[in-house]
Amino acid sequence: MSLFDVYPLYDVTPRYAKDVFVYDDNGSKYLDLYGGHAVISIGHSHPKYVSAITNQVKKLGFYSNSIKNTLQQKLAERLGKLSGCSDYQLFMCNSGAEANENALKLASFHNGKSKILAFKNSFHGRTSAAVAATDNSKIVAPVNAQQIVDFVDLGDLNTVESILKHNATCAVIIECIQGVGGLGQSTTEFYQGLEALCQQYNTVLIADEVQSGFGRTGDFFAFQKHGLRPDIISIAKGMGNGFPVGGILIHPSIKPSFGLLGTTFGGNHLACAATLSVLDVIESENLMQNAADISEYFQEKAKQLPKLKAIKGRGLMLGLEFDFPISELRKQLIFKHHIFTGSAKNPNLIRILPPLTVQKVHIDMLFEALKTELD
Ligand code: PLP
C-alpha cells in the first residue's frame, strides 16, 4: 500500500534524537529548531520523560475512562498550579484539532448558539469548523466551515461587535500569537476589548494555546501577557513532548454534566504520565525563564543579520521575515548546515520553534549559518 501523499517531505530520515539534536540514518547530526511543529518542549528523549513513560507502560498503558484514573486528577492539580489556572476544570483528548472541536462543541452547548468567529490567518487544526483561512491561504476552509465561521481581521473590534450583535455566535476562537498564519499579534487593548465583547454578548472566548501554550512564550500561556481569563483554553503539542495528547481547560462558570463530552483514548494513563513529566521538567529546569532569556538573545542577534525585513513573534515562537521567498534558504539550512527550521503561510518567513531547552550556543549556530548564506 502506498502512503496518501499529502506532506512535502525533506529527504532526511531521523533515527534517534537527544535534546535539541536529531541524528539521521547516515549518522549525520541536525540541530532541531523546529521541534516537529512546536511539539518538542523539554527536548528530545529527556531521561525523566523516557523513564516516566517506560515505567507507566510497564504498569498500565491504557484503560478507558470508565474507571477512575488518579493520574488525571494529579495532572489537573499540577497543571492548574503551574499555569496559574487552578480554578479551571480539565478535559483531556488526543490532539489540537480535537481540543478545539471539543471547545467549540462545549461553547455551543453552553449558550445554545452555533456560529463561530475566527480571525484571518489563524489556524485551529484540520476540523470541519476550526480551520480559518483567508482566500489566498494554502489552508482552505472546507465548505461547511465557510457557512458557520465568520473570518475577521485581527484587531477589528467593530466588525467583531457587528457580528456578535446578531446573537448567533457561540464562540470566538483566537490564538494570542498566531502560529502557522505567520506570528501575527494584536495589542492588549484589542484582546481585552474582545474579552469584554464576548462577555457583553454571551459568547464563549476560546484561547487556542495549542502551539503557544506550555511555556513557549515565556509565560505558561500566551494570553497571560494580556491579563485575560478565557472561558476555554485549548492545549496540545508541547503538552506531551511528542506523545499525542491534548485537552481543554474550562472556566468554573461552565458546568459539566455526564455525557456532555467524551473520548476513548483521551487522558489515558500514558498520556498523563508523559504530560506530568513535561510539567515536572518545565518547572525543575526553569524552562519558561529559559524561553524568555533565549528569546531576548535571539532577537539581539537577529538585528545584526543582513537582508532581514522583520523579527516576529515572542518567546520561542519566533520568525525571521525577509523580502524574498525563503524556501531555498531553508534547504541550505537543512542540507548544508544541518539545521531544521519551519515555514509559514507567508513564503518570506522562517519560523523558529525550538525545544525550550535550547541554549545560546545553538542560536549562534543558526546565525553563523544564516550569515554564510546571506553575505
Ligand atoms: N491550533 C493551533 C494553533 C495549531 O497550531 C495547530 C497545529 O498546528 C492545531 C490547533 C491543530 O493541532 P493538531 O495538529 O494536533 O490537530
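Order of appearance sets the numbers: ligands from 1, and atoms from 1 within every ligand.
- The ring pair (Phe, Tyr, Trp, His ring centres under 6.0 Å) check on His338 picks up Tyr30, with sequence neighbours excluded.
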Side-chain atoms of residues 13-22: list all donor-acceptor pairs with protein atoms under 3.5 Å, sequence neighbours left out, distances to 0.1 Å.
unit_1, atom_1, unit_2, atom_2, d
Lys18, NZ, Ser45, O, 3.3
Asp19, OD1, Thr357, OG1, 2.6

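- If you run side chain to side chain contact (heavy atoms under 4.5 Å, CB included) between Val358 and each of Ile352, Leu366, Ile294, Leu287, only Ile294 comes through.
- Because its NZ or CZ atom is both nearer than 6.0 Å to the ring centre of Tyr297 and within 45° of the ring axis, Lys360 counts as a cation-pi partner of that residue.
- By the side chain to side chain contact (heavy atoms under 4.5 Å, CB included) test, Ser253 is found to be paired with His251, residues two or more places apart in sequence or in another chain being considered.
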Could you walk me through whether Phe223 and Tyr191 pass ring pair (Phe, Tyr, Trp, His ring centres under 6.0 Å), step by step? CA-CA 8 Å; Phe223 68 75; Tyr191 294 112; over 10 Å; no

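- For a heavy-atom separation below 4.0 Å, the residues in contact with ligand 1 are Ser95, Gly96, Ala97, Asn100, Phe123, His124, Gly125, Glu175, Asp208, Val210, Gln211, Lys237.
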